Amino acid sequence: MSTAVTSPGRKWKRPPSISNPALRWALIIGALIYLVAAFATIDVNWSRVYEGLERGKKFILAFSNPNFVERWDDIYDGMLESIIMAFSSTVVGVIISIPIGLGAARNIAPLPVYLVCRSIIALSRALHEIIVAILLVAIFGFGPLAGFLTLAFATIGFLSKLLAEDIEDSDKSQAEAIKATGSSWLQWINYGIQPQVMPRLIGLSIYRLDINFRESAILGLVGAGGIGATLNTAFDRYEFDTAAAIIIIIIAIVMTLEYSSGLIRARLQ
Amino acid sequence: MLQLQKLTKRYPTGDLALNAVDLEIPKGQVLALIGPSGAGKSTLIRSINRLVEPTSGSAILDGVNLTELSSGALRRARRRMGMIFQEYALVERLSVMENVLSGQLGYVGFWRSFLRKFPQPAIDEAFRLLERVGLDQMADKRADELSGGQRQRVGIARALIQDPQLLLVDEPTASLDPKTSRQIMRLICELCAERGLSAIINIHDVALAKMFVPRVIGLKLGEIVFDGGPDDLTPEVLTDIYGEEDWEATIAKIDDDDDSDPV
């Protein structure tokens, strides 16, 4: 240390993010009181839990002895239906999401288009899959068509939003350089924007396929087809061994999708 | 060939970036635009090809008033103005060849460009240009695999394949080391001479500007405060443009070492 210290022993502490000490302590204490009060309102019926433990144990034990055979035809049909629903809804959803995503990116779309596309996204995201499925089952009746439409609708909200945000984050100078060559709007998108967002678009599409497959297991509960219907029936009949078999297959398929999406994304970078 | 008449740009924030700039550039002239950051150099060249929309005034290229063009006519006019960027602005995930051919987008239809089926003369010209800038072996490399100097050479080829009359060059050397900077400046000036192109080169490096161009424009707060040859750039003039500084020390002569080898 060759340079002189102006005031030796001068203390330093990181400044707190809320500088008013009264407000800071009020917030901390208030949060603690709320937490305690919130826990106090949880009403646990311990004797019911004790009884339920037995059923839970049976369910867990069923995993050590999953029954793939007894209801295999139902499982196979349900799985096939789920896979078809997940795949077709992802493809349709992605195809519709691309124009909406372009329209919802503020840096490339004019304001009226932007507002319309953002509204579509907001609507799709505001309605949970289950609610949409109940509505569509009411319109189209039980079966995979309602499930397919639900998942395609949900995919639009998810993918358009994330695609639009990726476009908004893209490097402006690359797009500007393409515009300066005298390209048309479509050429500008194809050369200036698409190469920048393609890896993320593909990664998100595979991720969405994964989500749609898992969602298809839930949608069966409200009658929208897929493996969920089979799973629901198995639970209703207390056939935990069949339910376990179904869940194991779902886990295997999701893990396969996860692993392959990792491989594909690594190749795309 | 290019005339700017009272070209003015006021940003929505109220900043007056260009204040009634008048400038006339004859065919084949290369000029350097110097000035401190925020003087409006970038805005000036972007107002010509309307990447920035000028507020008022006109920019006339070969008798065509660029500021009045409809979007279709503007696209056709942009083909005649090649642009070279500070951070190269290559599309990083496209190949070198795709980047060069993107300079042809104004001439080919959407489906041809989408399918990458460019007309053979365009491909021939792309290879000729890549050879000219010393990168013909790199055609299928991805743009982000190249070094800075190589990327700027691709940027130059992309601008030239437009067959422009005018080059708009925005800080071509700001991201490059001193030696590569000179090679790039030399290449740009040689190519302009070969093809009889006019060019406006925004540049921070006054010494580099003096080395290569016959005419220098000084811009300060959106107004032209100097217009003359490189030898007229006295310390007094530089003080006028940039503010007080010891100019003898900062622009001392640098030895021009042997830099004929490719980057």
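Hydrogens, waters and symmetry mates are skipped; everything else that's a heavy atom, side chains included, is used. All values reported here derive from a predicted model rather than from experimental measurement.
Side chain of B:R78 to main chain of B:N49: a donor-acceptor pair is present (N/O by atom type, distance under 3.5 Å, no hydrogens or angles). Listed for the B:N202 side chain is a donor-acceptor partner under 3.5 Å among the backbone atoms of B:K41. Side-chain atoms of B:R153 come within 3.5 Å of backbone atoms of B:V133 as a donor-acceptor pair (strictly under, hydrogens ignored). Between the B:Q104 side chain and the B:A122 main chain, no donor and acceptor come within less than 3.5 Å of each other.
Of the two parts of B:R158, only the side chain, counted from C-beta on, holds a non-hydrogen atom closer than 4.5 Å to a non-hydrogen atom of chain A. Only the side chain of B:Q162 comes within contact range of chain A, judged by heavy atoms closer than 4.5 Å. Contact annotation for B:F110: both backbone and side-chain heavy atoms come within less than 4.5 Å of a heavy atom of chain A. Looking at B:R112, neither its backbone nor its side chain comes within 4.5 Å of chain A, counting heavy atoms on both sides.
Note: B:R142 leads B:M81, B:R142, B:R80 in heavy-atom pairs under 4.5 Å with chain A. For the options A:T181, A:N190, A:D171, heavy-atom pairs under 4.5 Å to chain B are most numerous at A:T181. For the options B:S102, B:G106, B:S113, heavy-atom pairs under 4.5 Å to chain A are most numerous at B:S113. When each of A:P195, A:S173, A:A175 is checked for heavy-atom pairs under 4.5 Å with chain B, A:P195 comes out on top. Counting heavy-atom pairs closer than 4.5 Å to chain A, the top-ranked of the candidates B:R50, B:R46, B:E92, B:R75 is B:R75.
Aromatic ring orientation, A:Y207 versus A:F158: tilted (interplanar angle from 30° to 60°).
Side-chain atoms of B:R132 and B:E190, non-hydrogen and from C-beta on, do get closer than 4.5 Å to each other.
Ion pairing between a basic and an acidic side chain is recognised when a charged N comes within 4.0 Å of a carboxylate O; A:E129 and A:R214 show no such pairing.
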